[in-house]
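If you read the sequence from its start, that first residue is 1, and numbering goes on from there. Just so it is clear, the structure is predicted and the values come from calculations on it, not from any experiment. Every heavy atom of this structure was used, including side-chain atoms; hydrogens, water molecules and symmetry mates were not.
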Amino acid sequence: MREANLEIIKKLKTFLVQVKEDPSLRHHFTSPEAFTKNRKLPLERMVYLIISLLKRSLSVELEDFFQSYYPGQACASKAALSKQRQKLDYSFFTLWNSVLVKSFYECYQQEVKRWKGFRLMAIDGSTAYLINVPFSP
């Protein structure tokens, strides 16, 4: 199980490195001039920071992030995070999530539990809002 999790993380990191290093691929998620200069929050750091599920104030989260992962480097400001975050299109995370899901099913294909061949999923109605409108493809 641990090996599968590490393989999934490796695939996610590989995708992030490909986006960072390939200008034609990066162009799909950013403007051509974005993330080209050497800054405190390059693409990969900003993505890691965003996915770390920030819960406290930005200044505290930034301070902890830089102390934990980049000790000795100056911390980025809240304004720098906002400016860098605006440069990245949300579609990056949509595609990255697709890589995550695909990797999960590749690594855990034998262990995914099914009921009569289907994945059984359920939620309670307290958090789901259903729209009463006919489906039209």
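The main-chain N or O of Ala80 is found under 3.5 Å from a side-chain atom of Ser77 such that the two form a donor-acceptor pair. Without hydrogens or angle criteria, Thr36 side chain to Pro32 main chain gives no donor-acceptor distance under 3.5 Å. Remark: the backbone N or O of His27 is not paired with any side-chain donor or acceptor of Thr30 at under 3.5 angstrom.
Atom-to-atom distance recorded for Ser98:OG and Phe93:CZ is 13.5 Å, nearest 0.5 angstrom. Note that CG of Asn97 is 9.0 Å distant from CG of Leu12, once rounded to the nearest 0.5 Å.
Each side-chain hydrogen bond (donor to acceptor under 3.5 Å, both in side chains) pair with one or both residues in residues 4-24, not counting sequence neighbours, appears once here: Asn5-Tyr108, Lys11-Glu106, Asp22-Ser24. The stretch residues 79-98 participates, sequence neighbours left out, in no salt bridge (charged side-chain N to carboxylate O under 4.0 Å, His left out) pair at all. Sorted by first and then second residue, the salt bridge (charged side-chain N to carboxylate O under 4.0 Å, His left out) pairs involving residues 66-77 (not counting sequence neighbours) form an empty list.
Arg56 is linked by a salt bridge (charged side-chain N to carboxylate O under 4.0 Å, His left out) to Glu61, Asp64, counting only residues two or more places apart in sequence or in another chain. Residues passing the side chain to side chain donor-acceptor pair (under 3.5 Å) test with Glu44: none are found, sequence neighbours excluded. Ser57 pairs by the side-chain contact (heavy atoms from CB on, under 4.5 Å) definition with Ser59, Val60, not counting sequence neighbours.
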So Gln84 and Arg39, side chain to side chain contact (heavy atoms under 4.5 Å, CB included) or not? Walk me through it. CA-CA 10 Å; Gln84 291 294 86; Arg39 302 202 182 260; 4.3 Å; yes
Let's go through Tyr48 and Tyr69 carefully: what are the C-alpha distance in whole Å and the side-chain angles of both, what is the deciding distance for side chain to side chain contact (heavy atoms under 4.5 Å, CB included) to 0.1 Å, and is it a yes or a no? CA-CA 10 Å; Tyr48 293 148; Tyr69 299 107; over 6 Å; no
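When the side chains of ILVMFWY residues are joined at heavy-atom separations under 4.5 Å, either directly or via intervening members, Tyr90 and Leu100 end up in two distinct hydrophobic clusters. In the hydrophobic clustering of this structure, Leu88 does not group with Val17; members are Ile, Leu, Val, Met, Phe, Trp, Tyr whose side-chain heavy atoms approach within less than 4.5 Å, directly or through other members. Note on Leu95: it clusters hydrophobically with Ile8, by side-chain heavy-atom contacts below 4.5 Å among ILVMFWY residues. Hydrophobic clustering (side-chain heavy atoms under 4.5 Å, transitive across Ile, Leu, Val, Met, Phe, Trp, Tyr) keeps Ile9 apart from Val47.
With a 6.0 Å cutoff to the six-membered ring centre and a 45° limit on the axis angle, Arg45 counts as a cation-pi contact of Tyr70.
The six-membered or imidazole ring of Phe29 lies away from that of Phe35, with a centre-to-centre distance of 6.0 Å or more.
Summarising the geometry of Trp96 relative to Leu16, their closest heavy-atom pair is NE1-N, 4.3 Å, with the distance given to 0.1 Å. Residue Leu81 comes nearest to Leu41 through the heavy atom pair CA-CD1, 3.6 Å, listed as atom of the first residue, atom of the second, then distance.
At a threshold of 4.5 Å between non-hydrogen side-chain atoms, the residues Leu62 and Leu49 count as touching.
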